[in-house]
Amino acid sequence: MNEHVQTASSAPLFNPLAPEFIRNPYPHYERMRTTDPVHLAPLGMYVASRHAEVSLVMRDKRFGKDYVERTIRRYGPKIMDEPVFRSMSHWMLQQDPPDHTRLRGLVVKAFTARRVEDMRPRIQQVVDETLDRVIPQGRMDLIEDFAFRLPVTIICDMLGIPEDHREAFYTGSRDGGRLLDPVPLSPEEIKQGNASNALAAMYFQQLFDLRRKNPGDDLITQLVQAEEDGSKLSNEELTANIILLFGAGHETTVNLIGNGLLALHRNPDQLALLKVKPELITNAIEEFLRYDSSVQLTGRVALEDIDDLGGKRIPKGEAVLCLLGSANHDPAVYPDNPERLDITRPNVRPLSFGGGIHFCLGAQLARIEAEVAISTLLRRIPDLRLDDALNPEWRPTFVLRGLKRLPASW
């Protein structure tokens, strides 16, 4: 582990849980890109902030996840005794081939472009029902009452979670995001993570039993059958990856919808343009992803010595954190004022869904959910106003960037 410590006189370039960083990380990214693009942070990890290096690290086979080894280096040899870390070690997101290939192969069919496009009418139905319920009230929290319900409902549909079980998921806590942050968890946070993980595992075990007795046309049935064919999936892998799919299936989409709506209301010219030209919504979603990504970072480990990454030598076993939010604002790729929201911007290809073999399975689903949610909201409540677009309350996590609440009225 690198014991690199910066001088106390200079504020660290990368301090992801500082309140000002969470409120607006983009000026900090610009400083990093211009002064030290592959930066060795006080956390003992390299941080890549330019598009070129971020893109390379995500796609280059010399980098992998090496999750168990990486976590032991951070926390010590006993960390894998903690259930929450053991569970995460089975996530396909944290696996390298061949396990990654095997696990991803079991679920990829549920996320084909065709199957996802076929969900559009159901997505529209959920958005309309949500708005039917809140419009008469004249106000709502755009996160809790609107953005949250849609992706939770859709992932519950996909997993086959029965209707009468869903209320707990709609009202469940959203504090799991800290697990992904590069700043190590405190013992108390690990304890909370273990408790949440145990609750989720207990619920899904019961659901697996139900689906063994009563198979359905859903992802859990499909995975339970793969688990019964023991060579494909162990019970621990099944449980861990359902927890992953449930979390990944809604967290990032909630943030995409919330961050997108905030960006529009902070840029009234773009909001007005989208109302006049609703056909711009598809490009607008790409611009929201670029402008304020709901996932700010993904990590890899050097599987061999890397001689030169942005001018730095990366020894084997060292972690490289890829700042997706920073890469999306790199003027080398977006020369026309990357700090500006422009829903007509050409050639927007944000790195927000990652890259390489870990490219997000649900990328297309998230795009369609955000597209339907935002365009329907603007059409049905054209006079919607945010209570406070200047100082909204952000969640205290860095990797998953999103709002705690976003009150609005009309």
Side-chain angles (χ1 to χ4, degrees), residues 67 80-95 99 102-111 115 119 122-123 126 129 144 148-180 185 189-254 361-362 365 369 400:
Y67 177 77
M80 283 301 151
D81 297 343
E82 300 288 355
V84 68
F85 287 103
R86 206 166 55 245
S87 173
M88 285 170 73
S89 74
H90 292 291
W91 289 3
M92 68 183 95
L93 180 65
Q94 305 290 13
Q95 296 278 0
D99 286 330
R102 171 176 57 87
L103 292 168
R104 190 171 169 118
L106 291 171
V107 297
V108 71
K109 289 190 285 293
F111 291 93
R115 284 192 79 157
M119 291 182 214
R122 170 64 174 151
I123 292 168
V126 175
E129 285 172 356
E144 213 55 44
F148 191 61
R149 285 193 85 89
L150 168 65
V152 172
T153 303
I154 299 302
I155 197 67
C156 284
D157 284 358
M158 289 181 80
L159 293 175
I161 293 172
E163 292 280 351
D164 54 345
H165 293 191
R166 294 186 183 185
E167 206 43 51
F169 291 103
Y170 293 131
T171 54
S173 94
R174 292 180 61 220
D175 52 17
R178 237 327 250 129
L179 288 171
L180 301 172
L185 301 178
E189 287 173 317
I190 292 173
K191 215 168 98 181
Q192 285 170 349
N194 286 338
S196 304
N197 192 70
L199 271 177
M202 197 166 68
Y203 171 73
F204 285 120
Q205 289 296 336
Q206 292 170 346
L207 192 53
F208 302 154
D209 292 341
L210 183 68
R211 286 290 167 257
R212 286 186 189 103
K213 295 188 197 94
N214 305 308
D217 179 23
D218 56 65
L219 202 44
I220 283 185
T221 299
Q222 194 184 314
L223 291 176
V224 161
Q225 286 163 356
E227 183 235 1
E228 284 168 350
D229 171 16
S231 62
K232 291 186 183 171
L233 193 66
S234 71
N235 186 263
E236 221 172 346
E237 286 175 328
L238 171 62
T239 310
N241 282 288
I242 291 293
I243 291 172
L244 167 67
L245 284 168
F246 182 78
H250 74 280
E251 277 289 355
T252 51
T253 309
V254 174
L361 265 176
L365 177 59
E369 287 175 339
L400 297 182

> Just one of L106, L159, N241, T239 clears the side chain to side chain contact (heavy atoms under 4.5 Å, CB included) bar with L223, so which one?
Replying inline: L106
> Atom CD in Q192, atom CG in L179: separation rounded to 0.5 Å?
Replying inline: 10.0 Å
>> Strictly below 4.0 Å, N to O, side chains only: are K191 and E82 in salt-bridge contact?
In response: no
>> Below 30° counts as parallel, above 60° as perpendicular, anything between as tilted: where do the rings of H165 and Y203 land?
In response: perpendicular
> For the atom pair CG (L199) and CD1 (I243), what is the distance rounded to the nearest 0.5 Å?
Replying inline: 10.0 Å
>> For S87, is there any backbone N or O sitting under 3.5 Å from a side-chain donor or acceptor partner on N197?
In response: no
>> Ignoring hydrogens, what is the shortest heavy-atom contact between A240 and H90? Give both atom names and the distance.
In response: CB-CB, 3.6 Å
> Roughly how far, to the nearest 0.5 Å, is the CD1 atom of I242 from the CD atom of Q205?
Replying inline: 10.5 Å
> Does the side chain of Q206 come within less than 4.5 Å of L210's, by heavy atoms?
Replying inline: no
> Between Q95 and L103, is there a donor-acceptor pair closer than 3.5 Å when you use the side chain of the first and the backbone of the second?
Replying inline: no
> Taking all non-hydrogen atoms of both residues, which atom of L185 and which atom of R178 are closest, and how far apart?
Replying inline: CD2-O, 3.5 Å
>> Using every non-hydrogen atom in the two residues, find where A110 and M119 come nearest and quote the distance to one decimal.
In response: O-CE, 4.3 Å
>> Check whether R211 reaches the backbone of G160 with its side chain - one donor and one acceptor, N or O, closer than 3.5 Å.
In response: yes
> Which pair of heavy atoms, one from C156 and one from F246, lies closest together, and at what distance?
Replying inline: SG-CE1, 4.0 Å
>> Among R86, R102, R104, which residue satisfies the salt bridge (charged side-chain N to carboxylate O under 4.0 Å, His left out) criterion with E237?
In response: R102
> Is the closest side-chain heavy-atom distance between T253 and L150 below 4.5 Å?
Replying inline: no
> For M158, does its backbone N or O pair with a side-chain atom of D218 as donor and acceptor, under 3.5 Å?
Replying inline: no
> With side chains defined as the heavy atoms from C-beta onward, is the minimum distance between F85 and Y67 less than 4.5 Å?
Replying inline: yes
> Has the side chain of T221 got a donor or acceptor atom that lies under 3.5 Å from a matching backbone atom of D217?
Replying inline: no
> Taking C-beta and beyond as the side chain, do E163 and R166 meet within less than 4.5 Å on heavy atoms?
Replying inline: yes
> Parallel, tilted or perpendicular: which fits the ring planes of F204 and F208, with parallel below 30° and perpendicular above 60°?
Replying inline: parallel
> Roughly how far apart are R212 CZ and L207 CG, rounded to 0.5 Å?
Replying inline: 10.0 Å
> NE2 of H250 to CG of L245: how many Å apart, nearest 0.5 Å?
Replying inline: 12.0 Å
>> Would you say that T153 contacts F148 through its side chain, given a criterion of any heavy-atom pair below 4.5 Å between the two side chains?
In response: no
> With no hydrogens and no angle check, is any side-chain donor or acceptor of R149 less than 3.5 Å from a backbone partner on E144?
Replying inline: no
>> For a 4.5 angstrom cut-off between non-hydrogen side-chain atoms, does M92 reach L361?
In response: yes
> So which heavy atom on P151 is nearest to which on G249, and how close?
Replying inline: CB-O, 3.8 Å
>> Measuring only between side-chain heavy atoms, which start at C-beta, is E228 closer than 4.5 Å to L233?
In response: no
> What is the minimum heavy-atom distance between G105 and K109, and which atoms define it?
Replying inline: O-NZ, 3.9 Å
> Regarding S234 and E227, is there a side-chain donor-to-acceptor distance under 3.5 Å anywhere?
Replying inline: no
